[in-house]
Amino acid sequence: MIHSPRGVEDLLPQQTLQYQWIEKEAAFLFSLYGYEPIRIPTFERTELFLRSLGKETDAGKQMYTFKDKKGRSLSLRPEATASVVRAYLQHKLYGHSGEWKVYYMGPMFRYERPQAARLREFRQIGVEAIGEISPQLDVEVIEIGAEFFKKIGLANFHIQLNSIGCKRCRPVYEDQLKEYFKLNLANLCSNCRRRYQYNILRVLDCKKKECQPTIKGAPVIGDYLCEDCQDHFKKVRTGLKDAHIEFSIDPHLVRGLDYYTRTIFEIVSSLLGPQATICAGGRYDDLVEELGGPSIPAIGFAIGVDRLLVALKKEHKELHPQYSSVIHIATLDQEGLTAGYSLARILRGQGIRTRVNFSLKSLSSQLKIADKRRARWVIIVGGKEVEEGKFILRDMESGHQEKIGWDEVKHLDRRLKGNG
Ligand SMILES: [Zn+2]
Ligand SMILES: [Zn+2]
């Protein structure tokens, strides 16, 4: 038997229904804020990601890269922002007035060491808003993330905020950081010593115990922000307070990707342990230009849907929907099957999800199947019922049974409404 590759999982029907529920809620909420859906390709030219993510970031190194038949290097998307910006440039959407606001959902791919809630194919939902520098847009984007988690019923989460400055002030900070870590290099893990060389900010992101005391004493970017960045950050904080959105400042918060500027944030579940980030985002004011476009600011976030579902389960949330089919038709013989099939057509015409049993097994085994399929009701039909013109309707929750005729079947939707 052939198994799926490591780090890649099937989403069976019950799980898929949960993902669909999350996606539906997200699409509805994002549209309230004026965001429109976009679908970007699953793979792009490798160059796009190398230019946007940076070669020395984890995401850049963990790409699934391959050559096509003409020898061109392609990569499965490790995230969506680069593709969204590429689409924005390719279709010259910056000619239009106002910011361009889109949302996406779909699988991303990274060659990670698989562990709980960290897969090689994982699913993200995200928003991107390109073309506006106003700090109020940062507030809106963070609000959308917080509103979304509230809406789906997540109780234990909080927002962590920071500013990582711009290309004017960040290099000054990075120099300070380099100086500081240079003196403490011996106290850092091997991974951090590598990051010290290529991606100094990421040292702050290390979760290893041995590195924590050193990281704690490191300079904070807040002390090095230029005046514009300070002003921007202040307005974001005020805007969030005005919108009654709770957050805390994490002065050592950095993001794993090179392209971020100014406002960055993470939304963290309190119940998830080390893999606690369920949403991450921020500004990327230089990325459009770096990918060959005009200088246009932008901001966005991505939600890790797989982790979000783990967090919801930890909170013992009942995940929708419960019933895969509403009515199961149990057929006792050939006559019952013929009539049952007609009944199903009438029920489906009323918008009721109906499943017919074709196997003609014993009634008790069909009831077991109906129960397994989480059917809310069962209609039992055999030759005797067909002759009588009356069928047995069984409530699977109470076990109550009654007889109903063709006329009642034709109007069953009214009766079942609000009942499952
Ligand atoms: Zn700055
Ligand atoms: Zn470390």
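As the structure lists them, so they are numbered: ligands from 1, and atoms in each ligand from 1.
Aromatic ring centres of Phe149 and Phe157: separated by under 6.0 Å.
Rounded to 10 degrees, the SG-metal-SG angle spanning Cys169 and Cys229 at the Zn ion (ligand 1) equals 110°. Rounded to 10°, the angle formed at the Zn ion (ligand 2) by SG of Cys206 and SG of Cys189 is 110°. For the pair SG of Cys166 and SG of Cys226, the angle at the Zn ion (ligand 1) is about 110°; rounding is to 10 degrees.
Of the possible polar contacts, none joining the Asp10 side chain to the Leu12 backbone as a donor-acceptor pair under 3.5 Å is found.
Of the inter-residue distances, the one linking Gln15 atom CD with Leu309 atom CG reads 8.5 Å to the nearest 0.5 angstrom.
For residues 128-143, the set of pairs meeting the side chain to side chain donor-acceptor pair (under 3.5 Å) definition, not counting sequence neighbours, comprises Tyr33-Glu143, Tyr35-Glu140, Thr81-Glu128, Lys101-Glu140, Glu128-Tyr284, Asp138-His232, Asp138-Thr263, Asp138-Arg283.
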